[in-house]
Enquirer: 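The structure that follows is given in the form of structure tokens.
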Amino acid sequence: MKIVVLGAGVVGVASAWYLAEAGHEVTVIERRAEPGLEASFANGGQISAAHAEPWASPAVVPKVLRWLGREEAPLLFRPRADPAQWEWALRFALECIPGRFERNCRALAGLAAYSRDCLRALRAKTGIRYDELSRGILHFATSRRDFEALASHAEAMRALGVQREVKSAAQCVALEPALEHSEDRVVGGLYSGSDESGDAFKFTRELARLAREKGVRFEMDAPVRGIEAAAGEVQSIALERGRAQADAYVVSLGSYSPLLLRPLGIRIPVYPLKGYSITLPLGPADAQAAPSVSLTDEAFRIVISRLGSRLRAAGTAELAGYDASVNSVRCAAIVRRVRSLFPQLGAATTVDNWAGLRPATPTNVPLIGRTGLKNLFLNTGHGTLGWTLACGSGRALADLVSGRRPPVDFAFA
Ligand SMILES: Cc1cc2nc3c(=O)[nH]c(=O)nc-3n(C[C@H](O)[C@H](O)[C@H](O)COP(=O)(O)OP(=O)(O)OC[C@H]3O[C@@H](n4cnc5c(N)ncnc54)[C@H](O)[C@@H]3O)c2cc1C
């Protein structure tokens, strides 16, 4: 079949790759000059298959109340005159109700493990390189209260088949010696040795190159203006210059997916959840001072990954509409925290600040599969986990388009 994939972020490119692997003739349409320049550009780098959880949880409610009105708060609501924003916020609040968090964790756990396996198989098959590290993820706490909450949660997750080992403070430092000098002492944490990290942008760019070699066409600098449908199916894609036609269409437009679907009467609960990252170049003297195990800092809700000779720290979630501008106050807070955790890091000459819009559903569970139009498919809404879930979602999508049932327990549409 001829398939058009809309959007060349990590999710769209992975979809194109697996569709081509399944024997389809694929064209990717993207408004930017290169793949991966939006939400997939400078994310936290974690492939957190054993830590695939939504932000919406009963535990986040008291924290949100504590953070109210603080410009540096990890989770911030900036009210706008946008009904979609208020609806999303309300649905997020409902997902914090006990029981729903567990349901959403269950939905994500299977897809995340499948996705990690797909990524490993892809790596073995193609030799793709993206500053990858397979040293696991350590989720650490710097207060006893947080540590106890993490440990009891690990117990609950074990029932879902998700393995996280509870580690004492000394064990955390043994796993990641760079934490030894932290000004805020580590109290304990959870470790998942099967988790990984790597640069999502490098991966997206490399996978696009491999896909091109396989025959996938990339139409870049090609903004989509609309999806044209009649008689229960998509007829064509209206571009700034001309039209594109295919047998089937996949929407992977990140945070912009709902905007192009709405005129078709298809409403999806995806809204931009803005996050920030900082990237520090590491000098030769930083080899020991910077961590190489990927880390999640429970107190500040930031993730830290070593990407070759760079250190990336990312986090915070801001419900602020489609404004993707960088807020230097929030980036400076991340830099301060990184420096206090690793005080022996040398003074970096430059720090790259970045902001990206996560395409988030209130549950953080992505939307993968069919729509009301018979040749229109979705692969979008991956929220805080798009890099973790990209390969599994792409492969499952290719199965669904090809009329096969994906080999993973997930509620595909
Ligand atoms: C700060 C931060 C940290 C994160 N950390 C992690 C992490 O550690 N691990 C993890 O798993 N995930 C993480 N994520 C989430 C992950 O980065 C996203 O879920 C993922 O990148 C989403 O990919 P996507 O392809 O759906 O969207 P995008 O990468 O945004 O791709 C969508 C593409 O569609 C294109 N597009 C949009 N509209 C149009 C149009 N009209 N015409 C043509 N093209 C269009 C865009 O240009 C873009 O290239 C993080 C996100 C942020 C912001």
Enquirer: Test: salt bridge (charged side-chain N to carboxylate O under 4.0 Å, His left out). Region: residues 110-120. Which pairs qualify, not counting sequence neighbours?
Expert: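 Found Arg120-Glu196.
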
Enquirer: Tell me whether Lys214 is salt-bridged to Glu21, with the criterion being a basic N under 4.0 Å from an acidic carboxylate O.
Expert: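 Glu21 and Lys214: salt-bridged.
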
Enquirer: Identify which one of Leu341, Leu179, Ile304, Val338 satisfies the side-chain contact (heavy atoms from CB on, under 4.5 Å) criterion when paired with Pro291.
Expert: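 Filter result, single survivor: Ile304.
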
Enquirer: Closer than 4.0 angstrom, basic N to acidic O: yes or no for Glu34 and Arg32?
Expert: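 No, this pair does not count.
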
Enquirer: Among pairs that include at least one residue of residues 264-288, which meet salt bridge (charged side-chain N to carboxylate O under 4.0 Å, His left out), considering only residues two or more places apart or in two chains?
Expert: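 Counting only pairs at least two positions apart or across chains, the salt bridge (charged side-chain N to carboxylate O under 4.0 Å, His left out) contacts touching residues 264-288 are Glu87-Arg267, Lys274-Asp323.
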
Enquirer: In plain terms, say whether Asp131 and Arg310 are close enough for a salt bridge, that is, a side-chain N and a carboxylate O under 4.0 Å apart.
Expert: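 Result for this pair is yes, salt bridge flagged.
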
Enquirer: Passes side chain to side chain contact (heavy atoms under 4.5 Å, CB included), Arg330 versus Glu318? Steps please.
Expert: CA-CA 10 Å; Arg330 288 173 84 74; Glu318 205 175 298; 2.7 Å; yes

Enquirer: Taking 4.0 angstrom as the limit, do Arg405 and Asp399 come out as a salt bridge?
Expert: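 No salt bridge links Arg405 with Asp399.
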
Enquirer: Do Phe203 and Leu119 have side-chain heavy atoms sitting under 4.5 Å apart?
Expert: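 In short, these two side chains touch, coming nearer than 4.5 Å.
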
Enquirer: Flag this pair as yes if the NZ/CZ of Arg31 is under 6.0 angstrom from the six-membered ring centre of Tyr256 and inside a 45 degree cone about the axis; otherwise no.
Expert: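 Yes, a cation-pi geometry.
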
Enquirer: Can you list every pair that meets ring-ring contact (aromatic ring centres under 6.0 Å, His included) and has a residue in residues 394-413, with sequence neighbours left out?
Expert: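 Sorted pair list: Phe410-Phe412.
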
Enquirer: Is any side-chain heavy atom of Val270 less than 4.5 Å from a side-chain heavy atom of Pro359?
Expert: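 Yes, their side chains come closer than 4.5 Å.
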
Enquirer: What class does the angle between the rings of Tyr322 and Tyr271 fall in, given that below 30° is parallel, 30 to 60° is tilted and above 60° is perpendicular?
Expert: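 It falls in the perpendicular class, over 60°.
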
Enquirer: Check whether Trp55 forms a cation-pi arrangement with Arg301 (NZ or CZ under 6.0 Å from the six-membered ring centre, at most 45° off the ring normal).
Expert: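 Arg301 over Trp55 ring: yes.
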
Enquirer: With a cut-off of under 6.0 Å to the ring centre and 45° to the axis, is Arg212 in cation-pi contact with Phe218?
Expert: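 Yes.
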
Enquirer: Using 30° and 60° as the class limits, which term best fits the ring planes of Trp387 and Tyr130: parallel, tilted or perpendicular?
Expert: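 Perpendicular, since the angle between the ring planes exceeds 60°.
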
Enquirer: Salt bridge or not for Lys167 and Glu165, using N-O below 4.0 Å?
Expert: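 Yes.
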
Enquirer: Which heavy atom of Ala20 sits nearest to which heavy atom of Val216, and what is that distance?
Expert: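 Distance-wise, the nearest heavy atoms are CB-CG2, 3.6 Å.
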
